[in-house]
Amino acid sequence: MAEPDDIYEKVMELAKRRGFIWPSAEIYGGVAGLIDYGPLGAQMKRRIEDAWRAFYVIREGFYEIECPTVGIEPIYVASGHVKGFSDKMCQCPHCEEYLRADHVAAGAGIDGAAGMTTEALAGCLRMLPCTACGEELGEVKVFDFNLMFNTWIGPGSQRKGYLRPETAQGIFTDFPRLLRFYRDKLPFGAVQVGKSYRNEISPRQGMIRLREFTQAEAEIFVHPEGKRHPRFDRYALYEVPLLGCSAQEAKEEPVRMTMREAVEKGLVANEYVAYYIALTCDILVSIGVDPARLRFRQHLTTERAHYAADCWDAEFLSKRFGWVELVGIADRTDYDLKAHAGVSGVALTAYIPLETPRVERRRRILPDMKALGPKFRGKAKQVADALVEADPGPGGVEVTVDGEKVLIPASLYQVRDEDVEVRGVEVMPHVIEPSYGIDRMCYAVLEHAYTEDMVEGELRRVLRLPARVAPVQAGVFPLVSRDGLDRVAREIADALTGAGIFTEFDESGAIGRRYRRQDEIGTPYAVTVDYQTLEDGTVTVRERDSMAQVRVKRAALPGTLQGLIAGTLAFSSLGK
RNA sequence: GCGAUAGUAGUCUAGCGGCAGGACAGAGGCUUCCCAAGCCUUUAGCCCGGGUUCGAAUCCCGGCUAUCGCACCA
C-alpha cells in the first residue's frame, strides 16, 4: 500500500473534486472558516447525523428538539458566554499586532488582570512592552472581542441577539417544558442537532475549526445523587482506550480498560460519564473512525471548567493535525440550570417524591407586619424577607438589610414550630453533556477512510467508508450498454431505488472505470448486469474493499443489498 | 490579525514582460467487454481590483483564499 505523504491534501483534493466539500462562496473568492457540503458531502453528513440519531434518539430514547440559532442576550448572560466568551484585546500601536490584553498584563505580574475593566486594563498596559515588538504600548485601546456573532432582533427598540455558540442552551431553557414532557421523572434527556457559530479570530485547519459548524449535543438530566446509569450493564465490559490526567502528566500512553473498571478505579467520575464515553466510542467506530486512531483523553484540572465534575474528549489521530477533539463528554453538574434559574428567576428543579413521606418538624418565622411596617417603612418588606431566612435566638435576631445590621426584638415576630409532611424534595438535576462536532467527524471519517492501493500498476483511490455513511450505497452498471443489458440494468436500478437504496446508474466508459469512480466516493457495492443475466437472471455484486464478486439472483438483490448495507448480512456469506 | 510562501481548465501542472501548453478527469463517437485499455472529436483556465508598460498570467500595490510559523482557540 502506498503511504500518502500528505494525506490531508489528498483527502481535500478528492473531497473537492468529487463534491464532498467545497469552499463557500468560491466565485467571490471564498471565506475563511465557512465551507459548503457538496452533493456527496451533504449526503454523507446526513448519514452520519442519522447514525448519531440511531444511538441517541432511537436507542437511548432522547427526543430531538430544535431551537432557534438566534438567541436573546439573557440566555448568554446566564450561560456565561457574554462574559466568558469575550476576550479583552488590544492592538499594539507600533507593530499593529493584536494581543490579549489580560495576558499581557498577567504576564507582567499584574494580579487580577482577567477580571479588570477595559479602562483599568488600558491603564495597566500603558507602561508595558508589546509582547510582539517590545515597544511600550502607551496610549493603547483595550476592547472586548466576543467570539459570538451578534445581531439585532426586530426594528426600532431593537433587542440584542446572538447567534448561538452551542446548541445546548436551547435545551436548558426548555427545561421546565421538557420535564413536563417526560412526566416529571429523572433521568431524561433531550438532544439537538444543528448549526452553531463562533467568530473565530483566525480559523485554520480546513474544516477542523469553522465559524459555522454543526453540533450534535445531548443533555441528560440526572438525579444529583447516585449517578448510576440504569443501563450501565450494556457497556460495563466495553473496552475503551483512556488517557487520564495522571497518565498525561506522566506522559504515558492510553490504557484500554472496561468501563466498569474505569468507574471502580475512580478514573472516570461516574457511570453516566463512563456510559457515554463507551457509547461515543461505539458511534465513532460505527461511522468509520479507525479504533486504532481513537482515544479518550481526560481534561486536565487546569483546562476543565471549574464547575465540571469530570470531562473527557474523544480524539482522533489525524496524520496532518495530530490528536483532534471530536466529542466532549462532561458532567456539568447543576451549573447551567443554576445559572438560568438565577437570571430568569424561574425554578429549574424537579420534584422527586420520597418513597415514604416523612414528617419534619419545621420552624417558621412569622413577621408581625403590623409592627414592622410603621417601624421600618419602605424597608419593612426587606426586613420581613430577611427574618424568614433568619435563625432567631432567645432575645431577638440580627438581620442584614442593605448591608446594615439591624437588631429585631422577638416581639416583632412569632416563632412557630410545626410538623410538616414531606412527600418529596425539589432537586436541581445535574447535566451530563456529550457534545459532538459533526464537521470534524466528517473529516475524521474521510481521512481514516482514504486509502491508496496499487492494482496492476495503477493507483486505486478508495474511500473505505462504512456502508451506513457512504453517500451512494450501490452502483448499477450494464457490462455493455446494448443488447438489452442497459434496459435490464435500469430496471434493477429502479428496483433498488424502490427498496430505499441510494443508487447510481452508470453506463459510460469501460466497466473498470465505472468501478473506480464508485470506489473513489466510497460506494460499498456495485451491481453489474452481464450476458449471463439474460440467461439465468443473476447479476454480479462486487464488494468495494475486496473487489470480490458473487452472483446473486435478481429477485433477491434488493433484500441482499439492504442486509449488506445494514450490516446484518456478511458479503462473505453470499453465494454459499 | 502579523510574517513567510503560494494561487494558471473540474484536478494536477508548464510558462515568469510579446499567440496560455500539457496530463488526468468530463462529454460525444468508434472499438473492446468484469476492474481507470486504445483511437477520433470536444468542453474547459491565468483568484479579484488597481497601477507600471506599446504590451502583464508574468513586474508593483491593495484585497481575498490556501499552507506554514507566531498569536488566538468558552
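Below, chain A is the first sequence line, B the second, and so on; all start at residue 1.
For B:A66, the OP1/OP2 oxygens have no side-chain nitrogen or oxygen of A:Arg204 closer than 4.0 Å. Between A:Arg517 and B:G26, a side-chain N or O to OP1/OP2 separation shorter than 4.0 Å is present. Remark: A:Tyr8 is in phosphate contact with B:U67, judged by side-chain N or O atoms under 4.0 Å from OP1 or OP2.
Among the protein residues, A:Arg17 comes within range of the sugar-phosphate backbone only, with heavy atoms under 4.0 Å from sugar or phosphate atoms but none that close to a base. At a threshold of 4.0 angstrom between heavy atoms, the contacts of A:Ser79 with the nucleic acid are absent. Counting non-hydrogen atoms under 4.0 angstrom, A:Gly80 reaches nothing in the nucleic acid.
By the 30° and 60° cut-offs, the orientation of the rings of A:Tyr436 relative to A:Trp52 is perpendicular.
With a 6.0 Å cutoff to the six-membered ring centre and a 45° limit on the axis angle, A:Arg159 does not count as a cation-pi contact of A:Trp152.
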(message) Applying side chain to side chain donor-acceptor pair (under 3.5 Å) to A:Asp336 and A:Tyr307, what does each step give before you reach the verdict?
(response) CA-CA 9 Å; A:Asp336 306 277; A:Tyr307 50 81; 5.4 Å; no
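For A:Glu9, the listed nucleotide lying nearest its side chain is B:U67; candidates were B:U67, B:C12, B:C34.
Aromatic pair A:Tyr197/A:Tyr162: centroids not less than 6.0 angstrom apart.
Of the P atoms belonging to B:U11 and B:C59, the separation is 23 Å, rounded to the nearest Å. A distance of about 46 Å separates the P atoms of B:G1 and B:U42, rounded to the whole Å.
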Provide a list of protein-nucleic acid N or O atom pairs under 3.5 angstrom, restricted to nucleotides 37-45 of chain B.
from	atom 1	to	atom 2	distance (Å)
B:A37	OP1	A:Arg513	NH2	2.9

